[in-house]
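Working notes, beginning with the structure itself.
In what follows, chains are A, B, ... by sequence order, proteins preceding strands, each numbered from 1.
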There are 2 protein chains.
Amino acid sequence: MYIEHSVMTMTNHLNLKSAAAEKSSHPEYFNIAVSVDCVIFGYEGKELKVLLIKSDFEEFSDLYSLLGDLVKPDEDLDAASYRVLRERTGLDDVFLQQVHTFGAVDRHPSGRVVSTAYYSLVNINSHKLNINTNDLHWHSIKSIKKLAFDHKKILDTCVQMLQEQIMDHPVVHNLLPEKFSLRALQELYEAILGTSLDRRNFRKKIALKNWLSELDELEEGVTHRPGKLHKFKTKPLNLLKGISK
Amino acid sequence: MYIEHSVMTMTNHLNLKSAAAEKSSHPEYFNIAVSVDCVIFGYEGKELKVLLIKSDFEEFSDLYSLLGDLVKPDEDLDAASYRVLRERTGLDDVFLQQVHTFGAVDRHPSGRVVSTAYYSLVNINSHKLNINTNDLHWHSIKSIKKLAFDHKKILDTCVQMLQEQIMDHPVVHNLLPEKFSLRALQELYEAILGTSLDRRNFRKKIALKNWLSELDELEEGVTHRPGKLHKFKTKPLNLLKGISK
DNA sequence: GCAAAAGTGTTGAAGATACACCCATGG
DNA sequence: CCATGGGTGTATCTTCAACACTTTTGC
């Protein structure tokens, strides 16, 4: 199920069946594995995080990697990313955004794997979230210096894409509880963008988007004047709808 | 060399080597073909055009398709698109932009092919351009209603990407001769965007980009006051540099 | 009353749009 | 002299950034 295992299996299998001579006479036989890698973002403690798994690859011991898997022959590419997300988190009906496809020959040490990267945003504290193994951990984006394979590059590309999209589309929906204060939303944007934002300008800009409705409820449990709670008017973006331009 | 041929060969080959039982016990064996499709844009007669080839696929007789090929096992994904461009047009050192990867199971009638789309812009009248077969033709974007496979969708996606990028990056460099009038540049932008633009505002906007230098030469052969010629200050974007954000 | 964040408007700068006249050239 | 496009500037509007004070609540 792990991409590393699958690729190794495939590679060995091909090597058994074929000599170098056959390889050159039937180059099309020696195919390329297709995988997806999911950058699953979460948000906790005012930090943008990403769900990673400890690499069990010898070359990358002590490193973490993104969640990915090979695409099945009868499975749409988008569906594969959806499956990885579901298998790893138990979450369904979540927005996934295709970002880029990484196809360098040497990007995977065990064989040729072309991988399409997707990002997704999930609520770390959702009761639906069901991390299915102890090997998965949330890591603060800022703290990540190095990942297995080319996954740091993939992560960076996805972070950049996320940053470009949050002002035009309500993609952060899933990262917050149903009801939230504008301060919480602003802190989330600041965590994603890595900058601080002016409170008044931020509120004006968000108000213009018309994404939110203000509730007649106030924050609770805060040691200061409570803010009004808001919620998104629309349902979260899901796989089928995606971002409509 | 044609993707259609390669895919059929691969499919037959796999079928010969394997029974359904083996397929289910070694699903990873039955791999997915990886291809690239190039949307090669040109510009002629004030129209944005794309280079297409007559499909030799039975299901798509009378339809045209984009230029693509399978990615070789020892070839970077980007390099494959570069090779397709070179093989088809003789052009080297041309900017290619990855756009999106299309991976629906049923997108190719002969087997599973995941294809990454790239766009490129080339000068139809360049002396370097060497269309290597009579099967290739330039088609006006506006006139294209239907293409083979999912290529119409790929084309539309690439056109949209191109439209989004031309105001931020000097990607149209290759579509014009070395020296050109501002009117010619404006007509090109209008053809790509499918709108008309205000001449004064367009010139102001382009001037702010600081992409061009004005020459001490005038247009020739026009039946009106000749405009000053301009050229791009920078070299055309190429594969290695790409668009830096 | 104090700490902490909520809530709220205005001003200035920059960028975008709309718009009209005179100029240079070829015929 | 006429037709055609070259070349230019201004007024308006919108958008964005910068910025400060009063209010409400918990403690």
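In this structure, A:L208 atom CG and D:dT15 atom P are separated by 8 Å, rounded to whole Å. Across the protein-nucleic acid pair, A:R183 atom CZ and C:dT8 atom P stand 16 Å apart, rounded to whole Å. Between the CD atom of A:E219 and the C1' atom of D:dT24 there is a distance of 12 Å, rounded to whole Å. The CD atom of A:E217 sits 17 Å away from the C1' atom of C:dA6 (whole-angstrom rounding). Rounded to whole angstrom, the span from the CG atom of A:N201 across to the P atom of D:dA20 amounts to 13 Å. As a whole-Å value, the separation of A:L229 CG from C:dG7 C1' is 15 Å. Rounded to an integer number of Å, the gap from A:M167 CE to D:dT15 C1' is 14 Å. Rounded to whole Å, atom P of D:dG6 lies 13 Å from atom CD of B:E214.
Between A:H139 and A:H137, the ring planes lie perpendicular to each other; the angle is over 60°, past the 30° to 60° tilted range. A:F232 and A:F180 have tilted rings, their planes meeting at an angle from 30° to 60° on a 0 to 90° scale.
The side chain of B:R200 places no N or O atom within less than 4.0 Å of a non-bridging phosphate oxygen (OP1 or OP2) of D:dG9. Put simply, A:K204 has no side-chain N or O that comes within less than 4.0 Å of OP1 or OP2 on C:dT8.
Panel note: side chain A:Y64, backbone A:L51; no donor-acceptor pair is recorded below 3.5 Å. Checking side-chain atoms of B:K209 against main-chain N and O of B:M167 turns up a donor-acceptor pair under 3.5 Å.
If you check residues 186-199 of chain B against DNA chain D, the residues with a heavy atom closer than 4.0 Å are B:R199, listed by number.
Remark: A:R86 is positioned above the aromatic ring of A:Y82, its terminal NZ or CZ atom under 6.0 angstrom from the ring centre and at most 45 degrees off the axis.
With respect to the salt-bridge test (charged N to carboxylate O, under 4.0 angstrom), the residues B:E219 and B:R183 qualify. Under a 4.0 Å N-O distance rule, the pair A:D37/A:R107 qualifies as a salt bridge. Taking a cutoff of 4.0 Å between a charged side-chain nitrogen and a carboxylate oxygen, A:E75 and A:R83 qualify as a salt bridge.
For B:K204, the side-chain hydrogen bond (donor to acceptor under 3.5 Å, both in side chains) test picks out B:N201, with sequence neighbours left out.
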Atom pairs, N/O to N/O, protein against nucleotides 24-27 of chain C, distance under 3.5 Å?
| residue | atom | partner | partner atom | Å |
| --- | --- | --- | --- | --- |
| C:dA24 | O4' | B:R225 | NE | 3.3 |

